[in-house]
Amino acid sequence: MVSEFMLQQTPVARVLPVHATWLETWPTPAALAAASTGDAVRAWGRLGYPRRALRLHAAATAIVAEHGGEVPRSYEDLIALPGIGDYTAAAIASFAHGQRHVVLDTNVRRVIARVAAGQELPPRSVTAAERALAASLLPDAPADAATWNVGLMELGALVCSVASPACERCPVLDRCAWAAAGRPAYDGPARVAQTYAGTDRQCRGRLLAVVRDAEGPVALSTLEAAWAIADQRDRCLASLVEDGLLARVGPASYALP
DNA sequence: AATCCGTGGTA
DNA sequence: TTACCAAGGAT
């Protein structure tokens, strides 16, 4: 569950060391729930999207309160926890417990789009048709379905990659509709470019990094020096406090919550 | 459904 | 160097 939270939009290589330290520090949900959210945010380090650290902490708290400190096993109980959506609930139920669920992450979606649908890339967001196709391919036996999910994810991550698929190493090349069609380029609507420089995300990240890397409370003047555009900085500071990622601990000082 | 939410590696 | 985007979730 910890690894799945960390892997949401973050590459495996960057997760590995943080994951190891995290589990040494907090081996159980109860241990994490007993820590402050600020400690969780600090331990999250530079994985990005630090709200995930808050959600993981909140999930641990809910697990202690509602599930006797044991991570629930059912998809329904899992997806009810903060920070767990369809993918993470299905992944935990399938990978950890061998249950039969459709696991639709970006890798699985891409593999199915290519092999079964003959498209270079899946639709921008999950469609009903896409989910139905994935469900129709899933093996009936739960254990086989779990193996299938792992296999598709690994195939997508290691072989059937976005930019440079290694078709010569693909075990299902001979049955890939996309390869058979000559690997036609994606023809759907243009994907929106993900800008970052100058955005609130960058501003928030920089402000939080200043506090995260400090020993104790940080003076407002220090935060003001970290971002030049005053109104944006103030807005982001307020939103960080609103989100619970920062706390105002004095008239003009901030710390992790 | 579209947008927001961090960070850093890669081509 | 810039553009892309990585085991998504919440709103």
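The structure presented is a predicted model; accordingly, all values stated were derived computationally and were not measured. Protein chains get the first letters and strands the later ones, always in sequence-line order, with residue 1 at the start of each.
At the heavy-atom level, G48(A) lies under 4.0 Å from base atoms of the strands shown. Across all strands shown, D200(A) has heavy atoms under 4.0 Å from sugar-phosphate atoms exclusively, and none from any base. Among the protein residues, T199(A) comes within range of no part of the nucleic acid, since none of its heavy atoms lies under 4.0 Å from any strand. At a threshold of 4.0 angstrom between heavy atoms, the contacts of R212(A) are confined to the sugar-phosphate backbone, with no base atom among them. Within the 4.0 angstrom heavy-atom criterion, no nucleotide atom of any strand lies near V108(A).
Note that the CG atom of L208(A) and the CG atom of L237(A) stand 10.5 Å from one another [nearest 0.5 Å].
Side-chain to base pairing of T10(A) with dG6(B): one donor and one acceptor N or O lie within less than 3.5 Å of each other.
Distance from the side chain of R14(A) is smallest for dG6(B) among the nucleotides dA1(B), dA7(C), dG6(B). With distances taken from any side-chain atom of Y49(A) to the nucleotides dC5(B), dA10(C), dA6(C), the minimum falls on dC5(B).
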>> As a quick check of understanding, evaluate salt bridge (charged side-chain N to carboxylate O under 4.0 Å, His left out) for E120(A) and R183(A), giving each step before the final call.
In response: CA-CA 7 Å; E120(A) 181 187 19; R183(A) 293 168 58 168; over 6 Å; no
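In terms of position along DNA chain B, the nucleotide closest to S125(A) lies nearer the 5' end than the nucleotide closest to the other residue of the pair P50(A) and S125(A). Nearest-nucleotide positions on DNA chain B place R124(A) closer to the 5' end than the other of R124(A) and L245(A).
Checking the phosphate oxygens (OP1, OP2) of dG6(B), a side-chain nitrogen or oxygen of R204(A) falls inside 4.0 Å. Distances shown here put a side-chain N or O of R46(A) below 4.0 Å from the OP1 or OP2 atom of dG8(B). Using a 4.0 Å cut-off, some side-chain N or O of T88(A) falls inside it from OP1 or OP2 of dG9(C). At dG9(C), none of the side-chain N or O atoms of Y87(A) fall inside 4.0 Å of OP1 or OP2 (strictly under the cut-off). Dashed line: the shortest gap from a side-chain N or O of Q9(A) to OP1 or OP2 of dG8(C) is under 4.0 Å.
Ring pair Y75(A)/H101(A) is parallel by interplanar angle, where below 30° counts as parallel and above 60° as perpendicular.
Looking only at atom types and distance, the side chain of Y87(A) has no donor-acceptor partner in the side chain of Q8(A) under 3.5 Å away. Using modelled atom types and a 3.5 Å distance limit, the side chains of R248(A) and S253(A) yield no donor-acceptor pair.
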